[in-house]
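Note: hydrogens, waters and symmetry copies are ignored here, and every other heavy atom, side chains too, is used.
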Amino acid sequence: MTRITVTVDGVSYSDDVEPRTLLVHYLRETLGKTGTVVGCDTSSCGACTVHLDGDSVKSCAVLAVQADGSSVTTIEGLAQDGVLHPMQQAFHENHGLQCGYCTPGMIMSACALLKDNPDPSDREIREGIEGNLCRCTGYQNIVKSISAAAKASSSTPAGVA
Amino acid sequence: MIPAQFDYHAPTTVDEALRLLAEVEASGRDVKVLGGGQSLLPVLRLRMAAPEVVVDLNKIPDLRGVRDDGDAVVIGAMTTHDNMTREPLVRQHALLLSVASATVADPQVRHRGTFGGAIVHADPAGDIAAPVLALDCDLVIQGPGGRRTVAAADFFEDLFTTAVGEGELLVEIRVPKYTGWGARYEKFTRVAQAWSVVAVAAAVKVEGGSIAQARVGLTNMGSVPIRAHAVEAALIGQPATADAIKEATRRAGEGTTPPTDANADAEFRRHLAGVLTGRAVLAAAGAS
Ligand SMILES: Cc1cc2nc3c(=O)[nH]c(=O)nc-3n(C[C@H](O)[C@H](O)[C@H](O)COP(=O)(O)OP(=O)(O)OC[C@H]3O[C@@H](n4cnc5c(N)ncnc54)[C@H](O)[C@@H]3O)c2cc1C
Ligand code: FES
Ligand code: FES
């Protein structure tokens with residue numbers, strides 16, 4: 001067992017973990033943050049995407065011990081005081097999900113994209129979510145949602161990141 | 001699935017990492033080096049490998065970043081693909097490495113996966129080796145006996161096999177400066193995010209409307225990346241026009257023995273090599 005200290009969604013945690021524990025399993029099983037989901041065994045689907053020190057990563061391709069001393073943001077850390085994050089609101093309004101399984105990862109990738117490129121074209125949005133697979137929507141309304149969130153945040157100074 | 005149990009070490013210097021590797025090997029235990037983990041962790045999850053000890057390079061600051069060293073740019077092995085796409089020194093002097101890195105996988109994988117890790121992994125469908133070969137990079141390897149430098153042409157030995165031996169690390173990559181060259185990495189994939197069926201790395205220097213110098217490397221046309229020397233020679237002196245470039249590049253696949261698999265047979269791969277080399281050189285030359 002190895003002792004790690006990680007800040008997740010603004011709260012600091014210290015836990016003993018086995019070195020082989022993947023970050024996603026630490027989040028789900030040790031911290032109970034089941035908003036972040038596992039969709040594959042090959043690090044392909046992006047459903048487990050979180051931000052590690054501000055960068056989007058697949059939490060199934062990072063060891064929990066590697067997050068020691070870092071700050072992690074999950075889908076559960078986006079809403080503030082019960083108010084949905086602008087990206088969550090945009091997915092809600094634009095029908096950006098069907099079964100919803102890909103949505104946590106999709107939204108984390110979308111937020112990372114807008115932080116880098118606040119006014120992306122539809123093509124840039126599609127490239128930005130290249131690491132996230134959706135088996136339901138055909139992506140059309142996901143792109144529409146992200147585009148809407150970008151427009152909404154360009155008119156509110158707080159931004160979406 | 002989750003990986004089998006292992007002991008974990010995260011050294012903070014290269015010397016400490018090499019000492020750990022030597023100690024573990026002397027004890028007869030199986031050890032793996034962890035770079036960005038974007039190939040290794042999926043392999044461990046699938047239990048296709050189950051090392052007893054993992055030595056993580058992520059806490060070694062000396063292995064990260066890019067510096068100017070006179071006539072070369074020096075890239076730390078643990079520099080991420082994402083850093084490679086943005087790093088101004090790389091974009092200015094070795095644009096091909098930057099544009100190829102931008103095509104690897106997806107944003108999340110590029111945030112963790114490393115330039116050096118992709119080189120040592122040496123997947124024949126990987127997108128970093130052919131650009132490294134095309135630009136005649138030097139690979140700096142460090143082991144218990146010190147450092148040695150291997151030219152890219154001698155580095156890739158076979159599928160997933162390179163000149164980096166057990167107990168050694170790839171520490172840095174030296175690329176001669178190609179300032180003012182155009183570059184393009186042209187990739188053919190079945191679906192977005194899939195690995196290259198075939199890809200072509202091209203860098204050209206255009207002077208007065210003609211091609212003065214050219215470098216071309218082919219991905220997934222054999223067990224190791226291939227340098228298209230004949231195409232390079234045929235391009236030199238040609239006007240940077242679509243017709244001339246197409247004629248000089250269409251036989252890029254000739255003489256190669258590419259694999260046949262579910263994505264493409266060897267003949268289709270040879271065809272793709274010619275077409276993609278034309279497109280890559282055209283774009284690199286800024287012609288259309
Ligand atoms: C979904 C997905 C899609 C992908 N698509 C592509 C793609 O389109 N093109 C592409 O090129 N790659 C692709 N990759 C692979 C990605 O580029 C990896 O980053 C890369 O292959 C390995 O780099 P790494 O730093 O993650 O190395 P790791 O996974 O950590 O290591 C890979 C191997 O190299 C060894 N190693 C790593 N660093 C060193 C070092 N400095 N010295 C000695 N040995 C070392 C390790 O021991 C291991 O054997 C994809 C990966 C995923 C998960
Ligand atoms: S669960 Fe992590 S990429 Fe699929
Ligand atoms: S909404 Fe079902 S996988 Fe995307």
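Using a 4.5 Å cut-off between heavy atoms, B/A10 makes no contact with chain A at all. Interface residue A/L52: only side-chain heavy atoms are found under 4.5 Å from chain B. Within the 4.5 angstrom heavy-atom criterion, atoms from both the backbone and the side chain of A/V62 approach chain B. Interface residue B/L34: only side-chain heavy atoms are found under 4.5 Å from chain A.
The side-chain heavy atoms of A/Q66 and B/L41, taken from C-beta on, include a pair separated by under 4.5 Å.
For A/R135, the CZ atom sits in a loose shell: 12 or fewer heavy atoms of surrounding residues, nucleotides or ligands are nearer than 6.0 Å. Surrounding CZ of A/R3 are more than 12 heavy atoms belonging to other residues, nucleotides or ligands, all under 6.0 Å away. Other residues, nucleotides and ligands contribute over 12 non-hydrogen atoms within 6.0 Å of the CD atom of A/E124.
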Step-by-step salt bridge (Lys or Arg N to Asp or Glu O under 4.0 Å) determination, A/D55 to B/R112: CA-CA 9 Å; A/D55 286 333; B/R112 297 290 297 176; over 6 Å; no
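Residues of residues 42-49 of chain A lying under 4.5 angstrom from chain B, judged on non-hydrogen atoms, are A/T42, A/S43, A/S44, A/G46, A/T49 by number. Proximity to chain A among residues 79-98 of chain B is limited to B/R86, judged by heavy-atom separations below 4.5 angstrom. When the heavy atoms of residues 117-126 of chain B are compared with those of chain A, none of the residues falls under 4.5 Å.
Scanning both residues, A/G128 and B/P107, for their nearest heavy atoms gives O-CG, 3.6 Å. Looking at every heavy atom in both residues, B/Y8 comes nearest to A/P19 through CB-CB, 3.5 Å. Counting all heavy atoms, side chain and backbone alike, B/M1 lies closest to A/L22 at O-CD1, 4.3 Å. Minimum interatomic distance between A/C40 and B/R45 (heavy atoms only, all atoms of both residues): O-NH2, 3.0 Å.
Applying the side chain to side chain donor-acceptor pair (under 3.5 Å) rule to pairs touching residues 17-32 of chain A yields A/D15-A/Y26, A/E18-A/R20, A/E18-B/Q5, sequence neighbours excluded.
Looking at A/N132 and B/Q108, their side chains do bring a donor and an acceptor atom within 3.5 Å of each other.
The structure places OG of A/S56 at 8.0 Å from CG of B/D106, a figure rounded to the nearest 0.5 Å.
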